[in-house]
Amino acid sequence: MIINETALKVAKTMADNVYPLPYADVEQFASILECKTAEKGEVIIKEGQVTDGLFYVHQGLVRQFYYKNGHDVSEHFTAEGKLLHCIESLFLQRPTQLMAEALEPLIYYKIPYFKLKKLCDQSVNMARWYIRYLELDAVLSQHKADSLRFESAKERYERFQREYPEAAKRAPIQHIASYLIMTRESLSRVRAGKL
């Protein structure tokens with residue numbers, strides 16, 4: 001089996017960030033990765049699409065968003081070294097309401113869902129990696145829900161800076177504000193220490 005050296009490095013990085021894998025599993029993981037690119041502003045997951053994979057951001061910044069009452073609402077940000085997915089669409093194979101947009105020129109690796117599931121069936125270590133990834137993602141979702149329920153605007157922004165440091169530096173203010181469920185003006189006041 002001939003595996004692209006970059007894909008091998010990406011697979012190892014993904015493994016090390018979640019659940020370290022033996023080299024043979026890293027090779028198998030690398031063998032299913034599909035390298036893709038997108039231009040700034042390109043939507044890589046469209047509303048109504050049934051998603052068939054997870055996406056690892058190798059270079060660039062992505063935001064997931066949806067429309068509500070005619071407004072664009074940011075749901076999640078993914079920078080280098082992190083994964084994104086549309087969980088309901090992926091697991092239930094239903095059309096997604098979430099979209100994913102490249103906020104910068106993007107290099108990413110698609111992990112085809114059914115190939116990943118097959119690897120998990122063949123390797124207990126891959127299954128453990130996948131379970132650990134889902135656990136970490138569930139915790140991150142819980143953090144966001146708790147933040148919106150219990151924290152002040154200032155606390156939400158501080159949490160955002162800790163959990164999404166690259167997005168805090170690189171994402172446009174309107175996208176950060178919509179993620180935090182506040183207006184641009186409120187976010188500007190929080191940043192200036194006036195709220």
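Keep in mind it's a predicted model, so treat the numbers as computed, not measured.
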Q: Within the structure provided, determine whether P112 and E34 are in side-chain contact (heavy-atom separation under 4.5 Å).
A: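 SC-SC contact between P112 and E34 confirmed.
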Q: Can you confirm whether I176 sits close enough to L187 that some side-chain heavy atom of one is under 4.5 Å from a side-chain heavy atom of the other?
A: yes
Q: I'd like to check K110 versus L33 (side-chain heavy atoms, cut-off strictly below 4.5 Å). Are they in contact?
A: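 Contact flag for K110/L33 side chains = no.
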Q: Should side-chain heavy atoms under 4.5 Å link Ile, Leu, Val, Met, Phe, Trp and Tyr, which residues sit in the same cluster as I107?
A: none
Q: If you look only at distance, which donor and acceptor atoms sit under 3.5 Å apart when one is on a side chain in residues 119-129 and the other is two or more places apart or in another chain?
A:
{"residue": "S123", "atom": "OG", "partner": "D25", "partner atom": "OD1", "Å": "2.9"}
{"residue": "S123", "atom": "OG", "partner": "D25", "partner atom": "OD2", "Å": "3.3"}
{"residue": "S123", "atom": "OG", "partner": "N125", "partner atom": "N", "Å": "3.3"}
{"residue": "S123", "atom": "OG", "partner": "M126", "partner atom": "N", "Å": "3.1"}
{"residue": "N125", "atom": "ND2", "partner": "D25", "partner atom": "OD2", "Å": "3.4"}
{"residue": "W129", "atom": "NE1", "partner": "M14", "partner atom": "O", "Å": "3.2"}

Q: Find out whether Y130 and L116 are in side-chain contact, i.e. whether some heavy atom of one side chain is under 4.5 Å from a heavy atom of the other.
A: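 Yes, their side chains come closer than 4.5 Å.
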Q: Is atom CD of Q97 surrounded by more than 12 heavy atoms (other residues, nucleotides or ligands) closer than 6.0 Å?
A: no
Q: Any side-chain to backbone donor/acceptor pair from R156 onto L180? Under 3.5 Å, distance only.
A: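 Present.
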Q: Okay, side chain of K144, backbone of E75: is any donor-acceptor separation there less than 3.5 Å?
A: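 Present.
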Q: Please check: side-chain N/O of S74 versus main-chain N/O of H175, any donor-acceptor pairing under 3.5 Å?
A: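 Here the side-chain-to-backbone pair exists.
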Q: Side chains of Y67 and V73, heavy atoms from C-beta outward: is any pair under 4.5 Å?
A: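 No; the side chains remain at least 4.5 Å from each other.
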Q: What residues form a side chain to side chain contact (heavy atoms under 4.5 Å, CB included) with T6, not counting sequence neighbours?
A: N4, V10, H58, Y109
Q: Can you list the residues that meet the side chain to side chain contact (heavy atoms under 4.5 Å, CB included) rule with A38, with sequence neighbours excluded?
A: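 Expected list: E42, I44, A102, L106, Y108.
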Q: Please name all residues satisfying salt bridge (Lys or Arg N to Asp or Glu O under 4.0 Å) with K115, sequence neighbours left out, ordered by chain then number.
A: none
Q: Keeping E151 on the side-chain end and L148 on the backbone end, is there a donor-acceptor pair under 3.5 Å?
A: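 A pair under 3.5 Å: no.
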Q: Output yes when a side-chain donor or acceptor of S188 lies under 3.5 Å from a complementary backbone atom of R184, and no otherwise.
A: yes
Q: Check whether any side-chain N or O of T13 sits under 3.5 Å from a backbone N or O of K9 as a donor-acceptor pair, and report yes or no.
A: yes
Q: State yes or no: do I173 and L103 share one hydrophobic cluster built from I, L, V, M, F, W and Y residues joined by side-chain heavy-atom distances below 4.5 Å, directly or via other members?
A: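 The answer is yes; both residues are in one hydrophobic cluster.
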Q: Name all residues meeting the side chain to side chain contact (heavy atoms under 4.5 Å, CB included) criterion together with P105; count only those two or more places apart in sequence or in a different chain, and write none if there are none.
A: K40
Q: Side-chain contact, heavy-atom cut-off 4.5 Å: Y133 with L83?
A: yes
Q: Compare every heavy atom of R191 with every heavy atom of A168, then report the nearest pair and how far apart it is.
A: O-NH2, 3.7 Å
Q: Listed by chain and number, what are the salt bridge (Lys or Arg N to Asp or Glu O under 4.0 Å) partners of K169, not counting sequence neighbours?
A: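 Per chain and number, K169 pairs via salt bridge (Lys or Arg N to Asp or Glu O under 4.0 Å) with E166.
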Q: Apply salt bridge (Lys or Arg N to Asp or Glu O under 4.0 Å) to residues E155 and R159 and explain how you reach the verdict.
A: CA-CA 6 Å; E155 290 168 330; R159 177 186 292 276; over 6 Å; no
Q: Just wondering, do L54 and L90 contact through their side chains at under 4.5 Å, heavy atoms?
A: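 Yes; the side chains approach each other to less than 4.5 Å.
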Q: Counting the benzene-type ring for Trp, do H71 and Y66 have ring centres under 6.0 Å apart?
A: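 For H71 and Y66, the ring centres are not under 6.0 Å apart.
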Q: Would you say V62 and L84 make side-chain contact, with heavy atoms under 4.5 Å?
A: yes
Q: Would you list the pairs meeting salt bridge (charged side-chain N to carboxylate O under 4.0 Å, His left out) in which at least one residue belongs to residues 82-101, sequence neighbours left out?
A: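 Sorted pair list: R63-E101, E88-R94.
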Q: Which residues pass the ring pair (Phe, Tyr, Trp, His ring centres under 6.0 Å) test with F91, not counting sequence neighbours?
A: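 Expected list: none.
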Q: Measure the acute angle between the ring planes of Y179 and F160, then classify it against the limits of 30° and 60° as parallel, tilted or perpendicular.
A: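 Ring orientation of Y179 relative to F160: tilted.
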Q: Before you tell me yes or no, could you show the steps for C86 and Q64 under side chain to side chain contact (heavy atoms under 4.5 Å, CB included), namely the whole-Å CA-CA distance, both residues' side-chain angles and the distance that decides it to 0.1 Å?
A: CA-CA 9 Å; C86 297; Q64 286 178 276; 3.6 Å; yes
Q: Please identify each residue that fulfils ring pair (Phe, Tyr, Trp, His ring centres under 6.0 Å) with H76, with sequence neighbours left out.
A: Y164
Q: Can you name the salt bridge (Lys or Arg N to Asp or Glu O under 4.0 Å) partners of R162, sequence neighbours left out?
A: none
Q: Return the set of residues passing salt bridge (Lys or Arg N to Asp or Glu O under 4.0 Å) with E80 (not counting sequence neighbours), or none when no residue passes.
A: R170
Q: Following the transitive rule for hydrophobic clusters with a side-chain heavy-atom cut-off under 4.5 Å over Ile, Leu, Val, Met, Phe, Trp and Tyr, establish whether V139 and F77 coincide in one cluster.
A: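 Different clusters: V139 never reaches F77 through Ile, Leu, Val, Met, Phe, Trp or Tyr contacts under 4.5 Å.
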Q: Using the rule given for side chain to side chain contact (heavy atoms under 4.5 Å, CB included), can you reason through I45 versus T96, listing the C-alpha separation, both sets of side-chain angles and the distance that settles it, and then say yes or no?
A: CA-CA 9 Å; I45 299 174; T96 185; 3.9 Å; yes
